[in-house]
Amino acid sequence: MLLNLMKNLLRSLGVLLVTTFAGFALMFGNATGIASSVLGIGATPESVQAKVVELGLDRPLLVQYWDWLTSAVTGDLGRSFYTGQQVSEALSQRVPVTLSVIIPALALTALISVLLGVAAAVRGGGIDRFVQFFSVGGTAIPNFIIAIALVFAFAIHWRIFPATGYVAFGDDPWQWVLSITLPMLALLVGAVAGGAQQFRTAMLDTLGSDYVRTLRARGMKEQPIIFQHVLRNAAAPGLTVVSLTMLSLLGGAVFIEQVFALPGMGRLATDAAKISDVPMVMGTVMVTVVIVLVINFVADLLIQTLNPKARMR
Amino acid sequence: MTSATDNRTTDGRAVRFAVLRKLVKNPIAAVALVWFAGVLFIAAFAPLLATGGPNLTDLGAANLPPFSDGHFLGGDAAGRDILDRLIWGSRSTVMAILIVTVVSVAAGVTTGLIAGFYRGRFETIANFLVDVVMSLPGIVLLIALYALTGPNLPVAMAVFGLLIAPTYYRLVRSIVVSVRNELYVDAARVVGLSDLRIVGRHVLWAVRAPIIIQSSFTMAAGIGIEAGMSFLGLGDPTSSSWGIMLQQSFTSIYNNPVAILWPSLVISLTVLFLILLGNALSDVLQSSARSKVMPRRKRRAAVAEAQAAITGSPVDAEPAELSSSDDVLLSIRALRVGYPRSDGGITEVVHGADLDIRRGEIHGLVGESGSGKSQMAFSTLGILPKEAIILGGSVLLDGHDLLTDSKRQREARGTRIGYVPQEPMSNLDPSFTIGRQLVKGLRAARPMSKAAAHAKLVGLLERVGIRDAERVMSLYPHEISGGMAQRVLICGAIASDPDIIVADEPTTALDVTIQAEVLEILRGLSEERGLAMILVTHNLGVVADLCDTVSVMKDGLIVEKADVDALFESPREAYTQNLLASSRSVELMEIEQ
Amino acid sequence: MNEPILQVRDLVVRFPGKRGSHTEVIHGISFDLHAGETLSLVGESGSGKTTIGRAILGLAPVSGGSVTFRGETISNVSRAQRRRIATDIQVVFQDPYTSLNPSMTVESILVEPLAATGVQGGRERVRELLDAVGLPADAGTRYPREFSGGQRQRIAIARALALDPAVIICDEPTSALDVTTQATVLELFKELQERTGVAYLFISHDLGVVNSISDRIAVLYQGNIVELGEAHQVATAPRHGYTHRLQMAAPVADPKKQRARRTERLRALAEVADAAS
Amino acid sequence: MRLMNGRRLTGIVAASATAAIALAACSGTSTDGPSSSAAGSDQPGDVAKDSLVLAMSQDIEGFDPRVQPGYQNWPADAVWDKLVRCDSTANLTPGIAESWEILPDNMGITAHLREGLTFSDGSVLDAEDIKANYEYWGAPESARSADYADLTYDIPDPLTITLTWPEPQVLINTLTCDIPITSADYLASGDFLDEPLGSGPYVIDMAKTTVGSEYVFTKRDDYYDADNYPYANLTVKVLDNEAAMVSALKTGQVAGGLVTDQSRAEAEASGLEIKDFQGQTVRILLTDHNGDVYPAIGDVRVRQAMNMVFDKQAIADSIYLGNAEPTAQYFRKGTDAYIDGLEDPYPMDIEKAKALMAEAGYADGFDIELPSLDGHLAHIMPYVIQQLGEINIRATEKVLSGANAIEDLLSGTYPVILFELGNLGDSTFQIYVEDYPDGWWNVSHQPDEYVDSRYEQLATASPEEGKVLEQEINQYTIDNAWQVPLVFKGTHFAYDADLVSVPTDSDIEALAPKLRDFK
């Protein structure tokens with residue numbers, strides 16, 4: 001199992017290297033464009049050239065990537081081309097915002113998906129049809145449309161939640177809760193829709209398995225069968241769903257942060273990518289990939305503890 | 001494995017029309033199909049359908065409300081007709097989803113095919129790359145691409161296609177991996193087909209249906225991402241795609257709020273219908289193998305109808321009295337079981353069978369596949385599949401009908417009636433140790449302390465021939481052999497001291513030497529404990545070895561009942577005779593010492 | 001007897017395991033198959049009987065030893081050479097449900113081997129084949145799922161016969177069938193052999209089935225042949241202890257005889273146990 | 001000493017490539033001009049107030065003093081003081097310097113600094129700090145190095161500094177004003193990118209600030225002009241999404257912020273006060289007077305014909321929702337160049353336009369590309385393209401995006417540019433930017449003897465002479481149809497009157513209030 005973990009870690013490291021290099025290569029090659037855009041209107045070709053050198057954009061791709069990588073290892077992600085802000089500083093402000101929307105959303109998605117999935121699979125009938133209906137509808141409507149509708153209803157019409165902005169937990173916990181509620185809801189609808197459906201399938205598969213029949217035949221009551229045996233065996237596919245949900249939440253955050261003007265990672269990435277702010281984009285790419293890898297790793301670990309067969313391998 | 005079942009139900013030229021017919025029968029799918037076809041039609045004939053070009057402006061029409069004269073859905077902030085723009089926009093949208101679909105299918109399916117078919121190094125590398133792509137923040141990449149290429153919808157959609165290609169890769173690879181081990185692929189190899197022809201003839205066919213289903217979801221995602229990119233201001237503002245319309249109307253949301261409704265609606269509806277279409281397709285193409293559970297109301301109606309139909313039927317008319325009722329432990333009377341068909345009707349698989357088991361009697365229930373013998377066994381325990389419908393009859397334990405009294409039936413399970421299943425491995429929960437699941441099962445039936453349960457089970461495991469019982473208790477199911485697993489299951493069935501055991505082909509999955517041992521154990525237990533047993537089997541040798549009495553089933557009916565010696569010596573029914581003859585023709589009747 | 005048609009010499013099969021290790025499942029076995037005879041390989045699960053068949057067909061790796069057909073080595077040869085042998089060695093698999101591609105009509109299933117080797121005039125041949133295995137002539141236009149298990153196995157046999165092979169490897173061809181069907185399919189095998197002179201390498205776990213069809217029987221135990229001999233002798237008067245155990249364990253559909261056999265089996269086991277202690 | 005009124009080249013600092021609006025305003029300045037420095041302490045809004053929350057519709061670009069947009073940049077106003085400032089009509093007003101003299105022949109400036117000024121870190125501000133900052137602007141990597149690299153400095157005492165250029169500077173005021181001053185030591189330390197340091201009215205609270213989203217400041221009570229900044233705390237939020245801006249305003253999350261034409265009515269209807277600015281002229285620039293890129297554009301008749309195909313009143317009413325005003329001139333009303341009472345010489349007349357095209361030999365028209373940035377002209381572009389089509393000019397929109405967008409836009413590749421471009425409080429500067437060959441909006445950079453000679457004369461002309469020269473230039477460019485002016489359009493600052501009032505406006509760009517305007 002330890003060997004397995006090490007292999008997983010190595011693999012993740014490889015993924016991280018390839019993804020960051022891919023990101024780097026994608027943005028590489030527009031040195032004067034970047035420099036003149038940094039300088040703005042009225043810059044002379046001489047000052048543009050000086051800026052190119054100052055930003056280090058005149059060096060070969062591999063050298064630039066190597067420099068970025070070696071500094072990144074020491075925690076120095078460089079400074080934004082445009083604002084001169086430390087990338088690590090920007091990330092330390094932005095990542096918590098995104099996470100404080102995504103993590104509760106993920107937790108609630110998991111919880112609600114399991115509840116709905118179990119109810120739909122076990123009870124069937126009306127609740128099952130509701131889950132089916134909800135999952136189709138929830139995945140069909142783009143999350144930013146849901147977000148806009150939420151703003152109209154809960155922020156402008158009823159004024160229950162703030163329409164925009166983010167309050168740090170440390171500043172005012174209650175305001176924090178209020179500020180993340182609508183963004184989280186907007187993300188939740190789509191995620192739960194997908195999650196509940198998948199969990200329902202996993203539950204149905206497990207419910208139909210031979211050993212469940214045997215457990216029933218042995219006189220076990222339905223409840224312990226479902227909550228101890230079926231849930232546990234449906235958990236492995238469920239966890240895979242959760243880690244995929246995390247990915248889609250991270251993607252969805254880009255739109256949601258736009259609507260709610262949240263100072264999160266998604267907006268940082270969007271803004272930086274639009275103007276080829278290479279260090280900033282690289283920072284956000286790296287953090288996103290790390291988050292995804294960590295989630296996958298944890299999900300893997302959980303699957304391995306839950307599933308004795310996987311533990312053996 | 002799933003692909004095998006899928007395969008069986010999917011294709012064929014004849015089926016192709018059937019698919020369409022089934023789709024159209026499903027009202028939701030029909031609407032979805034019509035909508036999607038409509039979008040394609042509108043995209044194709046946009047120049048004929050629109051009253052003007054996509055950018056024809058009439059400043060007088062700026063922000064006109066819907067249903068105005070000449071502007072059915074009103075005008076946008078630039079004075080363009082919204083309906084016309086929606087019509088023209090369908091072209092960009094259709095192009096976008098086509099590109100996404102074509103690119104992702106081309107990339108994902110080819111790599112998936114190669115990786116799945118040849119495995120090896122290519123698969124390792126492809127898997128790694130798929131991991132990379134799947135952990136990439138796709139939207140950020142698309143934005144970075146925008147910085148590089150500007151608003152270039154085809155390129156952005158092609159890249160998005162590459163980003164979601166892993167979905168196809170994984171789907172195709174897993175199917176191909178299972179298909180390449182299918183016997184028909186082996187057969188094609190032996191016959192001398194080249195790899196290319198094998199892939200083209202056998203493998204591609206197997207992945208076709210899943211690809212079609214997945215593609216409807218891909219198209220839905222394509223529309224979503226086009227709208228999303230446009231919403232972020234990364235679309236091509238010169239186009240009239242629905243996403244651009246949404247974004248442009250969003251900027252004047254306060255001035256002309258209703259204008260945002262139309263693109264939102266067409267986007268959401270198109271996505272919705274594509275998803276519904278995908279679901280319907282997967283229902284039609286993949287899940288016809290699993291039958292649907294009938295709604296409760298329909299079930300009741302079916303049962304009532306079935307009961308009305310049988311009044312006076314000869315099978316039911318005079319219940320055969322086989323024995324005096326006082327020593328009968330369990331009796332099945334006029335049992336009828338059915339399954340719903342896809343056309344809404346019911347197929348009856350057990351047509352009113354009777355059976356009596358006395359204390360200590362081992363009763364063989366013999367028949368060929370599809371004779372309904374397992375359905376009988378499951379009925380006694382109330383563990384028929386969810387979709388099965390009991391159309392009539394009763395299962396009497398000590399004179400009480402278990403079918404009408406579900407509480408009593410639950411109580412009887414485990415405590416009065418034990419169950420030994422056919423497939424030993426799949427009947428143990430893979431997540432729990434042998435010990436834990438045995439203890440749990442025992443304590444569920446008979447309340448006792450964990451330690452007492454443990455001690456009792458260890459004793460029983462030793463009784464069924466497991467030497468290292470304490471150690472086996474701590475193992476997981478995948479760590480023991482099939483023979484051992486079957487002993488564990490027998491142990492689980494008898495631990496709570498039931499009066500009767502229902503054994504469903506308990507030795508079929510075992511090797512013949514193990515079978516002999518298991519039969520020995522069953523006989524021993526029956527003798528020691530006075531256990532009655534219903535032994536469901538197709539093997540007459542097993543019956544001859546173990547049973548006291550036999551019932552022969554054919555097509556859901558019991559055709560002959562007798563003591564074992566009588567039956568084997570002088571079978572009455574032609575069917576029984578045939579069965580016996582066939583069986584004996586391949587047995588080692590004589591053994592020289 | 002004249003020269004054997006198929007010779008297996010010191011066959012070793014290893015499957016690659018994790019991290020370069022190998023699991024050896026066949027430990028060097030040898031046997032001959034003569035033209036027109038039926039040689040059976042009998043053994044329990046894990047004995048390697050199926051693997052031997054697959055190794056001969058080129059579906060499992062031959063890690064040691066050789067397989068020769070009419071004196072020509074056919075183990076570890078190229079796909080092209082393999083294709084040539086396809087006309088000579090064919091197979092019938094255990095599971096008639098998964099060995100036929102459900103998407104193809106019976107006719108196209110039967111034409112496939114002909115097309116692969118470039119034989120013309122498929123239609124006529126298909127009718128002949130269907131007739132030979134006792135299926136109606138109109139079966140060609142239908143799909144496998146429209147047939148019962150026994151009929152499907154007939155289709156699989158027809159496919160094996162399509163190229164007029166000299167050897168058919170029958171890998172548990174009846175174990176998935178009901179007992180009545182099994183008997184008729186076995187009859188078909190015998191009848192075809194009489195008519196065409198094809199040799200069978202018949203693989204089964206059931207000593208009884210094997211006894212009813214074989215000329216000779218080889219008993220496999222954990223990757224080794226423990227006994228090889230004339231069928232009647234191996235089945236009824238085995239020399240090896242394992243064959244005897246196998247024989248004793250098979251129940252017989254006659255309560256009286258079965259009671260006697262059981263007693264004999266328990267006695268033999270007790271003897272072994274005594275000897276061990 | 002007041003020399004060369006309104007002659008300046010102001011600090012045009014980097015415009016954000018992300019925000020098209022910034023570009024729209026980028027013929028403006030980063031001027032921070034208190035129009036009423038005399039505004040007394042007896043003003044009613046003067047009572048110390050607790051806090052003010054404003055919303056910027058676009059972010060600033062970090063804390064590099066060299067890269068500060070002029071447009072609604074309240075954070076810069078809050079943190080930094082300037083040596084001298086330009087007011088809304090481009091006169092110099094006191095800042096760090098209490099008084100100053102312009103050197104003869106506009107060669108430079110001698111400034112006398114206030115005594116006892118400190119930066120927010122407590123260090124004393126002296127002439128060396130001024131020098132360090134101007135040098136920083138002249139560094140090679142600076143967008144403005146051409147303007148400041150050749151400066152020489154003379155510091156006779158710590159409170160006096162003379163800046164001297166090697167040649168006379170026509171636009172001396174704008175060159176000297178509005179450079180944010182940070183401490184020389186801090187500039188040398190390199191930390192200035194992480195946290196701004198200045199001698200301005202507020203100090204930033206980095207702990208509460210989230211760069212890119214929310215900037216928080218607290219007032220420095222020892223600031224010499226503290227009375228003009230009544231709020232003890234200042235928060236500036238970034239709301240770069242229109243819907244977010246409006247909902248934040250409506251729900252009282254912010255006291256004020258800019259809204260677009262599209263949302264103005266909604267903001268007003270929900271009880272907010274609106275202060276309208278009219279700092280932009282929507283026009284088509286036709287800089288290729290010689291026809292280098294498009295030969296047809298080189299023909300004055302074609303340019304005139306292009307002027308005759310637009311219904312300006314309909315544009316103002318329908319596209320700008322009545323928040324715009326048709327115009328025949330691109331200069332702001334009331335500026336020196338603006339000709340009062342000028343009738344539109346090119347009223348809409350498509351037949352006449354067609355005749356002109358035919359006369360020029362372009363009856364069948366020609367093809368042009370109209371560049372746009374990230375599609376922010378989506379509302380008007382379709383109409384413009386359609387109307388040009390009336391005289392067979394086949395225009396296609398070319399969307400520019402990414403890092404190269406601005407470079408491409410100003411490269412001269414696209415000499416016909418439709419833009420909502422700023423009109424300046426100082427028309428001289430606008431002449432420089434749009435009509436003089438060096439001006440960056442004169443993207444074809446083609447010399448014109450008539451305009452160039454008059455522009456150069458402006459350097460030595462009296463204010464009255466200057467006005468005549470500028471109006472001559474205006475008339476000349478109208479006659480030659482160098483542009484197609486469409487409408488004056490505005491920005492709208494919406495605010496909650498209970499929380500803040502905006503009695504003055506001192507923005508030379510006339511786009512948004514300056515920090516000093518909030519009372």
Side-chain angles (χ1 to χ4, degrees), chain A residues 27 30-44 46-55 79-86 89-90 93-94 97 148 151-152 155-156 159 161-166 168 171 258-264 267-268 270-277, chain D residues 12-18 22-23 26-27 55 59-64 66-67 69 139-147 192-194 208-214 237-241 243-248 250-254 270 374 401-410 440-441:
Chain A
M27 280 180 298
N30 190 16
T32 53
I34 291 171
S36 67
S37 169
V38 169
L39 288 173
I41 283 182
T44 58
E46 294 75 34
S47 54
V48 168
Q49 202 43 49
K51 195 76 192 176
V52 167
V53 175
E54 188 198 342
L55 296 176
R79 282 175 186 274
S80 158
F81 284 170
Y82 287 81
T83 66
Q85 196 190 13
Q86 297 255 14
E89 171 74 23
Q93 284 176 333
R94 303 302 196 99
V97 179
I148 294 165
V151 170
F152 265 96
I156 292 175
R159 304 214 169 188
F161 299 103
T164 63
Y166 173 75
D171 292 352
Q258 195 76 25
V259 175
F260 292 96
L262 290 181
R267 253 177 94 212
L268 185 69
T270 316
D271 294 347
K274 276 186 187 172
I275 52 175
S276 302
D277 190 348
Chain D
I12 304 299
V13 279
S16 158
T18 52
L23 244 179
C26 73
S27 63
D59 195 9
I60 56 170
E61 292 186 36
F63 299 128
D64 185 346
R66 212 157 55 184
V67 192
E141 309 82 36
S142 164
R144 304 291 312 283
S145 63
D147 291 325
F192 62 94
L193 294 175
D194 295 331
K208 290 185 181 160
T209 292
T210 302
V211 172
S213 158
E214 191 164 310
K237 293 188 175 190
V238 181
L239 294 177
D240 52 9
N241 164 319
M245 173 72 89
V246 176
S247 36
K250 289 177 72 157
T251 55
Q253 284 189 306
V254 297
S270 53
D374 295 341
S401 63
N404 287 332
I406 291 174
E407 201 184 14
D408 291 346
L409 182 68
L410 300 179
W440 45 89
W441 276 112

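Note on naming: letters A, B, ... go to the chains in the order of the sequence lines (proteins, then strands), and numbering restarts at 1 for each one. In this text, all values refer to a predicted model and were calculated from it rather than measured experimentally.
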Requested in this report: Could you tell me which portion of K237(D) (side chain, backbone, both or neither) has an atom closer than 4.5 angstrom to a non-hydrogen atom of chain A?
Outcome: neither
Query raised in the report: What option among P263(A), A168(A), A90(A) has the most heavy-atom pairs under 4.5 Å with chain D?
Result: P263(A)
Query raised in the report: So do P162(A) and Q253(D) actually touch side chain to side chain, heavy atoms under 4.5 Å?
Result: yes
Report summary line: So, the part of S270(D) with a heavy atom under 4.5 Å from chain A: the answer is neither
Query raised in the report: Which atom names give the shortest non-hydrogen contact between L193(D) and G84(A), and what distance separates them?
Result: CB-O, 3.4 Å
Requested in this report: Enter the distance from S36(A):OG to I406(D):CD1 here, rounded to the nearest 0.5 Å.
Outcome: 8.0 Å
Report task. Show the numbers, then the answer: is there a side chain to side chain contact (heavy atoms under 4.5 Å, CB included) between R267(A) and D59(D)? Result -> CA-CA 12 Å; R267(A) 253 177 94 212; D59(D) 195 9; over 6 Å; no
Report task. Could you tell me which portion of T251(D) (side chain, backbone, both or neither) has an atom closer than 4.5 angstrom to a non-hydrogen atom of chain A? Result -> both
Query - L39(A) versus S142(D), closest heavy-atom pair with distance - result: CD2-C, 4.0 Å
Query raised in the report: Do the side chains of V97(A) and T210(D) get nearer than 4.5 Å, heavy atoms only?
Result: no
Requested in this report: Quick one: closest heavy-atom pair of V211(D) and R94(A), and the distance?
Outcome: O-NH2, 3.1 Å
Report summary line: Bottom line for E89(A): the part with an atom under 4.5 Å from chain D's heavy atoms is neither
**Report entry** D194(D) and R79(A): CA distance, side-chain angles, deciding distance, side chain to side chain contact (heavy atoms under 4.5 Å, CB included) verdict
**Finding:** CA-CA 10 Å; D194(D) 295 331; R79(A) 282 175 186 274; 2.8 Å; yes
Report summary line: Turns out that what part of V246(D) lies under 4.5 Å from chain A's heavy atoms comes down to neither
Requested in this report: Please report the shortest heavy-atom distance between K51(A) and E141(D), naming the atom on each side.
Outcome: CD-O, 3.7 Å
Query raised in the report: Closest heavy-atom contact between D271(A) and D240(D)?
Result: OD2-OD2, 4.2 Å
